[in-house]
Amino acid sequence: MYWFFPILTYFNAMNTHSYNEQELHRIEELSSLRELNINPYPHTFDRTHSSKDILVTFSDENPEVLSSVSVAGRIMAIRTMGKASFWHILDQDGRIQIYLKKDDLPDMYEHLKLFDIGDIIGVEGYVFRTKVGEVSIHVRTITLLSKSIRMLPIAKEEITETGEKIVHDAFKDKESRYRRRYIDLIVNNDIRTTFIKRSKIITAMRRYFDERNWLEVETPILQPMYGGASARPFVTHHNTLDVDLYLRIADELYLKRLLVGGFEGVYEISKNFRNEGMDKSHNPEYTAMEIYVAYKDYHWMMEMTEDCLNTIAKSVNRSETVIYDGKEISFALPFARKKMSELFVETIGVNPFGFDRAALKELAQKHSVAIDPAANEIKILDEMFSELIQPKLIQPTFVYDYPLEMSPLAKSHRTEQGVVERFELFINGGEVANAFSELNDPFDQRQRLEQQARLKTEGDDEAMVVDEDFLFSLEIGMPPAAGLGIGIDRLVMILTGETSIRDVLFFPQMRPEVS
RNA sequence: GAUCUCGUAGCUCAGCUGGUAGAGCACUUGACUUUUAAUCAAGUGGCCGAUGGUUCGAAUCCAUCCGGGAUCACCA
């Protein structure tokens with residue numbers, strides 16, 4: 001049947017894209033393959049091993065253990081020496097060399113010129129070690145599994161005498177890598193391991209919570225009213241209901257409703273959306289983990305947080321330390337704990353909690369912190385903290401006991417006035433986690449939200465809105481509880497050593513390309 | 001949003017104060033039955049991000065725009 005699919009058939013399906021000369025040549029190869037009765041897109045292939053399986057299993061003493069293996073992967077290098085060829089194929093675990101010899105592939109060898117870098121193939125053969133010492137597969141049968149039409153940017157890897165790996169002509173243009181991440185993943189081995197580690201971090205976190213019988217739940221992304229954080233939302237529209245809906249900025253208020261509903265430990269790993277700027281540590285959609293545990297407070301949560309992160313770090317890095325941005329970060333227990341007010345005293349010699357606006361402005365000026373003239377007390381305080389103190393918090397540090405006005409969903413401190421039971425975890429000067437003893441007094445919560453609503457009418461477009469149903473749920477009664485949010489992307493950045501959030505997201509947000 | 005910087009072949013990059021678009025890899029053809037950045041020989045391949053301007057002449061100079069990166073501002 002295949003000979004009824006000449007190249008003209010393909011032209012009908014390829015009008016929308018432009019092909020260069022090399023790509024047109026590959027499309028011609030498709031026709032040649034079909035004329036030879038070689039299906040360029042078969043349905044399955046049975047593998048016995050991955051590349052890594054073979055490399056770790058092979059032994060020179062007992063090579064016959066691997067006398068018949070089947071491996072599949074993408075052709076990454078072709079070195080033809082007349083009647084014999086050495087290729088490298090890449091599967092999820094890495095590369096392995098295959099050896100193709102004309103004598104052993106009498107029917108296929110001459111057709112191998114129809115195979116290109118980028119094609120996915122399956123091979124069957126026996127494993128041996130070449131003269132030069134590379135464990136390789138001596139191929140008995142080769143099967144085309146997917147013909148590649150587009151050029152792959154091929155980097156060449158050189159192993160120096162000292163064993164150092166040099167990559168020549170690596171695919172490194174950031175824009176192309178982000179826009180065509182699938183190519184990046186094929187070609188740049190490091191980024192693949194980063195994403196594998198990202199997955200393992202999330203798995204380790206989930207395992208930690210599941211082992212403690214906390215329930216993973218899902219709450220709405222499309223919300224009639226947004227809340228749980230201070231941020232500007234995305235707005236969308238539901239046609240049938242004819243209402244505007246918001247993409248969630250946090251899942252806090254829904255998870256607390258579940259505590260009201262009787263669940264005693266719930267968590268969600270959620271995509272959140274914030275309609276704000278983008279930079280090395282902000283993407284419009286990002287992943288957060290929020291967890292709420294009944295009958296606990298923020299002291300307990302601090303211990304759980306450090307233990308959880310310590311467990312994850314050890315699990316994915318096999319080490320309590322990681323080098324980040326040239327600094328050694330240690331996840332060893334316990335993490336440092338600093339009261340926010342004490343940090344102020346340590347840094348500027350005074351605790352500014354409770355200062356009026358004029359006094360705060362003067363203090364900010366004294367320490368050269370630029371302040372928006374319209375900023376209220378809390379914004380000035382916040383600004384001073386993030387300018388003067390936050391950059392110094394390199395090792396994991398819990399900062400706790402925040403000013404009440406900064407934290408409308410946190411419970412008032414049991415002994416201190418004007419302070420809430422809240423902590424944030426900072427690593428390398430960046431905020432990684434945020435937690436409180438959750439406010440469950442419905443009257444206090446109403447006052448705080450109404451204060452937020454006033455700020456909103458005064459022009460603070462990140463202030464929260466009053467969610468009456470949430471308040472109603474608190475009136476039904478929420479148990480005392482501790483809540484924690486962790487920025488997953490930032491945690492992944494630190495544990496993988498990546499300094500841009502775009503390098504821990506498969507598909508970071510980009511401006512659309514104009515065609 | 002502001003400033004700086006980049007955009008040349010599929011990839012990585014040269015291209016100087018304006019004068020016929022270059023290299024390596026990749027690709028094509030040929031040689032080579034244990035190579036590994038394989039090698040050797042000969043080739044193909046470009047709207048020089050886009051649009052205007054200056055000029056006899058623009059990849060190069062100028063302006064605007066479009067994308068990216070970095071820094072800053074806002075935020076997690």
Sugar-phosphate, base or nothing in reach of Arg274(A), heavy atoms under 4.0 Å: base
Rounded distance in Å between the P positions of U54(B) and A58(B): 11 Å
A38(B) pyrimidine/purine six-ring stacking with Phe86(A), under 5.5 Å and 30°: no
Sugar-phosphate only, base, or nothing, as touched by His25(A) at under 4.0 Å among non-hydrogen atoms: sugar-phosphate
Over 12 non-hydrogen atoms of neighbours within 6.0 angstrom of NZ in Lys102(A): no
Touch class at under 4.0 angstrom, heavy-atom based, for Asn275(A) against every strand present: nothing
Tyr226(A) ring center within less than 6.0 Å of Tyr246(A) ring center: yes
Carboxylate-amine/guanidinium proximity below 4.0 Å for Lys52(A) and Asp91(A): no
C1'-based separation of G15(B) from C48(B) [nearest Å]: 10 Å
Nearest-Å distance once atom C1' is located in both G46(B) and C27(B): 15 Å
Paired and unpaired positions of RNA chain B as dot-bracket, Watson-Crick or G-U wobble under 3.5 Å, | denoting a partner strand: (((((((..((((.....[..)))).(((((.......))))).....(((((..]....))))))))))))....
CA sep, side-chain torsions, deciding dist, call: Asp489(A), Arg198(A), salt bridge (Lys or Arg N to Asp or Glu O under 4.0 Å): CA-CA 8 Å; Asp489(A) 312 284; Arg198(A) 179 183 174 117; 3.0 Å; yes
Of all pairs that satisfy salt bridge (Lys or Arg N to Asp or Glu O under 4.0 Å), the ones with a partner from residues 110-131 of chain A, not counting sequence neighbours: Arg26(A)-Asp116(A), Asp60(A)-Arg129(A), Asp116(A)-Lys147(A), Asp119(A)-Lys147(A), Glu124(A)-Arg140(A)
Verdict with supporting geometry, Arg181(A) and Asp184(A), salt bridge (Lys or Arg N to Asp or Glu O under 4.0 Å): CA-CA 5 Å; Arg181(A) 181 69 89 184; Asp184(A) 193 26; 2.7 Å; yes
Distance below 4.0 Å between Arg511(A) side-chain N/O and G49(B) OP1 or OP2: no
